[in-house]
Protein chains: 2
Amino acid sequence: MTPRQNRTRDRAERGIPEATVARLPVYLRALHTLQERGVATVSSEELAAAAGVNSAKLRKDLSHLGSYGTRGVGYEVEYLVYQISRELGLTQDWVVAIIGVGNLGRALAGYGGFASRGFRVAGLLDADEALVGQEISGMAVEHIDRLEEIISGRRVSIAVIATPAGAAQKVCDRVVAAGVTSVLNFAPVVLSVPDGVDVRKVDLSIELQILAFHEQRKAGGPDGYAPPASGEDPPGAAQYVEAVEA
Amino acid sequence: MTPRQNRTRDRAERGIPEATVARLPVYLRALHTLQERGVATVSSEELAAAAGVNSAKLRKDLSHLGSYGTRGVGYEVEYLVYQISRELGLTQDWVVAIIGVGNLGRALAGYGGFASRGFRVAGLLDADEALVGQEISGMAVEHIDRLEEIISGRRVSIAVIATPAGAAQKVCDRVVAAGVTSVLNFAPVVLSVPDGVDVRKVDLSIELQILAFHEQRKAGGPDGYAPPASGEDPPGAAQYVEAVEA
DNA sequence: AAGCCTTTGTGAATACGCGCACAAAGTCGC
DNA sequence: GCGACTTTGTGCGCGTATTCACAAAGGCTT
């Protein structure tokens, strides 16, 4: 994605691989668990096991942040928690707005994982007049007409889109226009955004379909499944649509 | 993950790359949208744009399923929908059980994306006696004690874990013991499962943290952000824990 | 019927990520 | 104070993924 800037500084300090960034939160969670148990020091082997990764990978990931381990001993849990938190930007607070207060939006509003990691939900917005004013998880739902005002007024930097698919792109355009540069999208659509805006997608249906693919493989026998005749002309090409439509 | 079986047959028919599998559902969704609009034929360029990927990548992905395009014309939408659906295993029905009926479980139970893609929710389970018997999205919540009976009796092949973190591993062990080989995990823990069982994880908090990382970079200036002094000895090493704890 | 134009399918080059294996570095026991 | 032992940090090779660029293939026009 950003290949050119990787040679400006040489490792640590700049250019942490995307794959590493994606694992840091996992390490962080494992470290928090260790911390609760009162563990002061952990080896790469132990932490890797807790995080479900290879220990060499863990060490390489951590080496991108600097040399925070002690050879022969391991890593100091507390210090590592701090370093990873800082690298991820969790030592500062991030203001989040949730747009769309359906079932999913409600679940997100009540999700404990927000507050505990420096994410503060500062707004719940919906287009449904009947919802506006209702209180969800101790916060009143506001009308989406006030989106721009809320986003800039409360310095929202991350927007969580939990609207129906049809509304998502329009909402996205508006939050971006209002200054948001990070979007977490739960709507089942591909959002298009200008350069400089990050979008991450969470899509239940896609995850299930990936599982179904592997499940189908497994069902075909342990040694190898051949997908149903993939070079043939299926008889009756017209009616196969029904099989997958709602 | 499975490198040895890739040479048994030569491309198509066997060994679709994991990265490709992960994109097929995206293509499928884009194709459904086109279908609703009455589009009969689509070029790789158009479909790639709709799916948010490079067109060469799209063509290579599709080539793993076989040669379903016509040079000079493009792909027949309906036929491609069928081929991808079949490859993903969506031409058959998959029986899903949702374990944990909190906010998130409720949202999942009501999620339309299940039914519309061949996923049938056949059970909602929870440990809370107060919830058992309640109806959620037209389905009665059942007690988790009946998990084994429900899973084998109703031929559940995919388990969705939406329990609190503390309960997830135990629930996972039970569903696996009962015969489930595909798990979609929403609990913020790393599940360990025996070989042959697939686990996919959806984790809101991790996604937010990844966004925060990039947001922090952007905030440091358009040309390059240097993370706060990553080789230094921070003064007062003891109190930095508070910054990220609940 | 022939040639032009569009679009696929893929070879080749490049970038990226992973994991092994080991040297360097530091601790701990004696 | 020294040697043995542990564990980090990383060089290296391998496999996968991505993208470019183009030849092959097919339709369409004249």
Side-chain angles (χ1 to χ4, degrees), chain A residues 1-7 10-24 26-27 39-77 79-80 83-84 210 230-231, chain B residues 1-8 10-24 26-27 39-77 79-80 83-84 230-231:
Chain A
M1 292 268 164
T2 55
R4 54 198 108 60
Q5 53 193 316
N6 279 2
R7 208 88 64 243
D10 228 50
R11 286 293 150 82
E13 196 80 12
R14 204 70 190 77
I16 296 179
E18 195 54 36
T20 295
V21 172
R23 281 186 295 266
L24 289 179
V26 181
Y27 303 154
V39 176
T41 277
V42 68
S43 72
S44 64
E45 203 69 52
E46 294 166 317
L47 184 53
V53 302
N54 178 295
S55 72
K57 180 152 62 178
L58 171 78
R59 287 196 298 276
K60 194 161 283 184
D61 283 343
L62 294 183
S63 79
H64 286 123
L65 317 190
S67 278
Y68 296 139
T70 307
R71 294 175 189 226
V73 177
Y75 301 87
E76 194 201 337
V77 173
Y79 189 51
L80 202 49
Q83 293 299 345
I84 295 179
I210 295 172
S230 76
Chain B
M1 293 271 160
T2 55
R4 53 199 107 63
Q5 53 194 314
N6 280 0
R7 207 88 65 241
T8 47
D10 228 49
R11 283 294 149 81
E13 196 81 12
R14 203 72 188 76
I16 295 179
E18 195 51 38
T20 296
V21 172
R23 282 187 295 266
L24 289 178
V26 180
Y27 303 153
V39 177
T41 277
V42 67
S43 72
S44 64
E45 202 69 52
E46 295 166 316
L47 184 53
V53 301
N54 178 297
S55 71
K57 180 151 62 178
L58 171 78
R59 286 196 299 277
K60 192 157 281 185
D61 282 343
L62 293 183
S63 79
H64 287 121
L65 317 190
S67 279
Y68 296 140
T70 309
R71 296 175 188 226
V73 176
Y75 300 87
E76 193 199 338
V77 172
Y79 188 52
L80 201 49
Q83 293 298 345
I84 295 180
S230 78

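In what follows, chains carry the letters A, B, and so on, assigned in the order in which the sequence lines appear, proteins first and then strands, with residues in each chain numbered from 1.
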[N] phosphate, OP1 or OP2: any side-chain N/O from [X] under 4.0 angstrom?
| X | N | result |
| --- | --- | --- |
| B:S67 | C:dG9 | yes |
| B:Y75 | C:dG9 | yes |
| B:S43 | C:dT7 | no |
| A:S44 | D:dT8 | yes |

Using whole Å, report how far [atom1] of [X] lies from [atom2] of [N].
| X | N | atom1 | atom2 | value |
| --- | --- | --- | --- | --- |
| A:L58 | C:dC20 | CG | P | 14 Å |
| B:E76 | C:dT8 | CD | P | 14 Å |
| B:L47 | C:dT6 | CG | C1' | 17 Å |
| A:E45 | C:dG19 | CD | P | 13 Å |
| A:E46 | D:dT7 | CD | P | 8 Å |
| A:D61 | C:dG17 | CG | P | 10 Å |
| B:H64 | D:dT16 | NE2 | C1' | 11 Å |
| B:L62 | C:dG9 | CG | C1' | 11 Å |

Per nearest nucleotide of DNA chain C, the residue lying toward the 5' end, A:V73 or A:T20, is A:T20
Taking for B:G72 and for A:A19 the nucleotide of DNA chain C with the nearest heavy atom, the one nearer the 5' end belongs to B:G72
Checklist entry - Is there a donor and acceptor pair, one atom on the side chain of B:R71 and one on the base of C:dT8, closer than 3.5 Å? => result yes
Close N or O pairs between protein and nucleotides 19-22 of chain D (under 3.5 Å):
residue	atom	partner	partner atom	Å
D:dT19	OP2	B:K57	NZ	3.4
D:dT19	O4	B:K60	NZ	2.8
D:dC20	OP2	B:N54	ND2	3.3
D:dA21	N6	B:R59	NH2	3.4

Those residues at least two apart in sequence (or on a different chain) that pass salt bridge (Lys or Arg N to Asp or Glu O under 4.0 Å) with B:R59 are none
Across all chains, not counting sequence neighbours, the side chain to side chain contact (heavy atoms under 4.5 Å, CB included) partners of B:T20 are B:I16, B:P17, B:R23, B:L24, B:D61, B:H64
For B:T41 and B:E46 the tightest heavy-atom approach is O-OE1, 4.5 Å
On a heavy-atom basis, the closest approach of B:S55 and B:S44 is CB-O, 3.9 Å
Taken to the nearest 0.5 Å, the spacing of B:Y27 OH from B:L80 CG works out to 10.5 Å
To the nearest 0.5 Å, atom OH of A:Y68 lies from atom OG of A:S63 at 11.0 Å
Exactly one candidate in B:L47, B:V26, B:L58 meets side chain to side chain contact (heavy atoms under 4.5 Å, CB included) with B:V53; the answer is B:L58
